[in-house]
Structures are given as structure tokens and as C-alpha cells.
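I have placed the structure first, in the form of C-alpha cells, so that the comments after it can refer back to it.
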There are 2 protein chains.
Amino acid sequence: MSPPTVPEPTGPRWRRRAEARPEEILEAALAEFTTRGFEAARMEDIAKTAGISKAAIYLYFPSKTALLEALIEAKIGPLANQVQSLALAGQTDPLMTLRMLATAAAHRIGDARVFAVPRLVIGISGRFPEIAEYYRVNVVEKARGALEALIDAGKAKGVIRNVDTKAVARAFIGPILFEGLWTHVLGGETALNDPQKLIESQFDILLSGLENRA
Amino acid sequence: MSPPTVPEPTGPRWRRRAEARPEEILEAALAEFTTRGFEAARMEDIAKTAGISKAAIYLYFPSKTALLEALIEAKIGPLANQVQSLALAGQTDPLMTLRMLATAAAHRIGDARVFAVPRLVIGISGRFPEIAEYYRVNVVEKARGALEALIDAGKAKGVIRNVDTKAVARAFIGPILFEGLWTHVLGGETALNDPQKLIESQFDILLSGLENRA
DNA sequence: CTTATATAACTGACTAGTCAGTTAGTTGCA
DNA sequence: TGCAACTAACTGACTAGTCAGTTATATAAG
């Protein structure tokens, strides 16, 4: 065993990088929160992952809770807005847009890093109801609203028969959500590695129904 | 303000009730875990809720984690077994049995106390993967298996057309699960206070499909 | 029906350890 | 030189789990 050679013998011990820090801290926080949960994650570990000292975090975020809030805002806001505008643009062909949205959603939910945030929200919802509400209003309600508008457009066009819009939205989101929980939370064998196929069978059922009409 | 009168001036300071304690402790633990989350729940508070001292908990359960495990076993095991036997008994009329099971499930999931355990499991799944696995194997896999057997029976009888069984199971469970999360985790307006109606619209969609065939 | 004895059930006070947040001082850079 | 960015070391508060001692109750003996 030779003594460990210093990898960077020259250069400063640290650099002033005030611009880049916040985002790096958020990345590190997401990683720690995701693997250990919010409560068990240690600020010291987040700092280490971000490559700074614990005290430096407090130069950018006033508290651990603030870190969580900022994280959710940064990671989730854009996503919902994207869904919303996509749905709005696709009103002319609602069924195809629905299929596209569902496939995209299944694809993203298959990624553990993406599913980490909703999972985190579920975990802390008891202690931080205001975060749960933020998530509901700014993410789920937005996406759900967009979906319902699309379904209503389909009904108006006559390609979807007259059924309860909210129930249809549930029938689209629910199965994908279930597979996400099954995969990432319960560690079961996943069908999410082939999102295309998943959505295809889902649409087969939803569009044509289960009853035998041969 | 009169000085508070002692409610029970006579009688012992505590009673020996070894038979009743474990269940009371589990009840208290469920309440605390549910409102504060597993990590933030304090053993002292659980003890207070159960009406005993903190040390007394350790006469019955070796650790906080053991408390959580016992809780899940006690609250959930019976439920899954019940689903399983109901499904087995209803093979002769699969569609009616499915409808019955779905209604019962929606009814139960509407109860915040029942939904508390799965919610807890989701929250701690990162830190206690073995608990998540226990839950998957002993609850979800069991119920899902029973459901799939029922669907296969329907296909064999010809009342359900030839579609992917797993996808159908997802299509049954997913929407109910979604509504549970929406209601109890995100605090949204719920459709679960009328489980009958919820399931009716769900079955309308699932059986007949969305396409307009007028 | 007492009263003595044994022990299971329970408590209060403590320990050892953890961790969010603070402070006093150091370093990089303009 | 001046000051913003950063760190090491510290503190205060909190809590899972322990333990020595106390109390309730079952049972046996008088």
C-alpha cells in the first residue's frame, strides 16, 4: 500500500462558483432524498455530493424544507406545462394525441429518476400537506385538466362516445401510475421497459372494451 | 378556572393488561405513523397515545422498525387473503365478481385509515426495501394473481374477449388506486364517497370501450 | 377470608448518538 | 485591499433504546 498520491497537487482548495451552486445542490438533494427519503437524508451528505461544505448550502437555501420545496418547483413545473401545451396543440386529433401523451408518460415513468419526485411527494405528504397541495395544483390538476379537455374534444368530434370525462381521465392515468408504483416502489417485474407495447394493450382495452362482440 | 379535579381519584396508577397492549400499541403506531410519517413519529408519542410509557413498548416490540412490520402484517395480510378467496369462489360468474370486488375495493380505499398503510409503504420503500417486498409478495401479488385468474376465467367462458390479462388487471386496479392517491395524499375533491357510481362508470368504459359505434 | 410471596407488567430517568443550523475565521478573486 | 464565497468546528435540541427500580396482581399458605 503506497500512500495515496494527491490527485490535484496544484490549484485552489475550492472555487467561487456562485452561479452554478444552486442547481448542483438541488441535484444532490434529489439524489439523497430519493435514496434515503426526506427525513433520513443528511445535509452533510447532500453537501458532499454537491462537492461543498454543509454550511455552503445555507448560503443558498435557508433550510432543509426550503430545499425540498425548491426541488419540486424546479423539477416539476416545466413538465406539467409541457403536457398542457401539447394537449392544447393536439385538439384536432384527440385520440392520436392521447396515445402520444400516454406513450410519452409511460416512457418517462419508466425512468426511476423521474418517478422519484412523485414518490417523494407521497412519502412526505403527511408532514408537508402544503407541498402535496402545491403538487396537486401545479402538476396533477394541470395535467388532468389538459387530459379532460382532450377527452371532451374527442366527445365533441364524435370519436369518443358519451361517457364520464373524469372516469376516462382516471382510466388513462391510473394504469400507468400503477405500473410505476409496482416497478419503482414495490420492485416488481416491470412492463415499463416497453412503453409502446404497454400503451398499445391499454388502448386496445380502452377503445374497444372487454366484452366479446363476435 | 377551577383547579382540574383528578378524574380517577381512586384506583391504581396503571393496570396490568398484557393481552390488550400489543394491539393498542399498533393502533397508536398506525395513527402516529400516518400523521407524521415513519421517521418523524416519536416512540414517546406512540406510547402516550397508547396510554403507556415508552419503555413498555419495548416489552412487546424490539424496535421501531419491528413495530412497522407488525403493523403491516396485522392490517394487510387478512385483506389480501379475503380478496383471494372471494375471487376463487366467484369463478362461475367472473364479471359480476369483478364488479363486486372493485366496488368493495373502492369502498375500502375511500377510508383514510385503510389507505394509510399502503401510503406508508410507499413512503418508506426507499429505506426499507424488504418491507416493500413483503407488501408486494403478500398483498399486491396475491390480489393481482386472484384478479388475473378471474379475468382468465372470463376469457375461457367467452364473456371477455382475448386481451392481455395483465393489462386488464392494471385497468381495474389503476383507476381506483389513482383516486385513492388523489384523495388521501393530494387532498383533492374525491369521487370515492360514492364508490358504487365510481365503479359503474369505470365498468361502463372497460366493458363497452370508448369508441363510438352508433 | 385474610395475608405473605413471587413475579409479570410497568415506569422515570438516563445514555449515547445524531443532525439541522450557526459562528468565527479563511481563501479566492477583482 | 476589500469583500464575496466558502469551510471547519461547534452548539443546542432531539430521540431511539436501556435499565434499575416500582407497582399490580396471581397464587399459595395460614
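All values below were derived from every heavy atom in this structure, side-chain atoms included, with hydrogens, water molecules and symmetry-related copies excluded. So that the names make sense, note that chain A is the first sequence line, chain B the second, and so on, each numbered from 1.
- When atom types are taken as modelled, the side chain of Lys155(B) and the backbone of Val163(B) share a donor-acceptor pair closer than 3.5 angstrom.
- In this structure, the CD1 atom of Ile57(A) is 13 Å from the C1' atom of dC6(D), given to the nearest Å.
- Of the candidates dA20(C), dC6(D), dA16(D), the closest approach to any side-chain atom of Leu59(A) belongs to dC6(D).
- If you take CD of Glu19(A) and C1' of dC6(D), they are 15 Å apart, rounded to a whole angstrom.
- Within the 3.5 Å criterion, the main-chain N or O of Lys166(A) finds no donor-acceptor partner in the side chain of Glu148(A).
- For dG12(C), its base never sits under 3.5 Å from the side chain of Lys54(B) at any donor and acceptor pair.
- Among the atoms of the strands shown, none is found under 4.0 Å from any heavy atom of Ala40(A).
- For the OP1/OP2 pair of dA8(C) and a distance below 4.0 Å, the side-chain nitrogens and oxygens of Arg17(B) include no atom meeting the criterion.
- For Phe38(A) and dC19(C), the CZ to P distance is 14 Å, given to the nearest whole Å.
- The base of dA5(D) is not paired with the side chain of Arg16(A) by any donor and acceptor separated by under 3.5 Å.
- Taking atom CD of Glu44(A) as the reference point, atom P of dC6(D) lies 17 Å away to the nearest angstrom.
- For Trp14(A), taking side-chain heavy atoms from C-beta onward, the closest of the listed nucleotides dC6(D), dA24(D), dA20(C) is dC6(D).
- Here dT25(D) presents its C1' atom at 16 Å from CZ of Arg13(B), a figure rounded to the nearest Å.
- Residue-environment remark: CD (Glu23(B)) stays at or below the threshold of 12 foreign heavy atoms within 6.0 Å.
- Side chain of Arg136(A) to main chain of Leu186(B): a donor-acceptor pair is present (N/O by atom type, distance under 3.5 Å, no hydrogens or angles).
- Evaluation of atom-type donor-acceptor distances gives no pair under 3.5 Å for the side chain of Arg15(A) against the base of dG28(C).
- Looking only at distances, a side-chain donor or acceptor of His184(A) sits under 3.5 Å from a matching main-chain atom of Gly110(A).
- Residues of residues 60-73 of chain B having a heavy atom closer than 4.0 Å to DNA chain C, listed by number: Tyr60(B).
- At distances below 3.5 Å, at least one donor-acceptor pair connects side-chain atoms of Trp182(A) with backbone N or O atoms of Glu189(A).
- Side-chain contact between Thr183(B) and Ile109(B) is absent, with no heavy-atom pair separated by less than 4.5 Å.
- For Ala55(A), the side-chain atoms get nearest to dT7(D) when compared with the rest of dA20(C), dC10(C), dT7(D).
- The closest donor-acceptor contact from the side chain of Lys54(B) to the backbone of Arg42(B) lies at 3.5 Å or more, if one exists at all.
- The nearest whole Å value for the distance from the CE atom in Met43(B) to the P atom in dT15(C) is 21 Å.
- A straight line from CD1 of Ile52(B) to P of dG17(D) spans 15 Å, rounded to a whole angstrom.
- The side chain of Ala18(A) lies closest to dA5(D), out of dC10(C), dT7(D), dA5(D).
- Within 4.0 Å of Ala47(A), counting heavy atoms only, lies no atom of the nucleic acid at all.
- Atom CG of Asp45(A) is separated from atom C1' of dT18(C) by 12 Å (rounded to the nearest Å).
- Comparing dC29(C), dA24(D), dT7(D) by their closest approach to the side chain of Ala56(A) singles out dT7(D).
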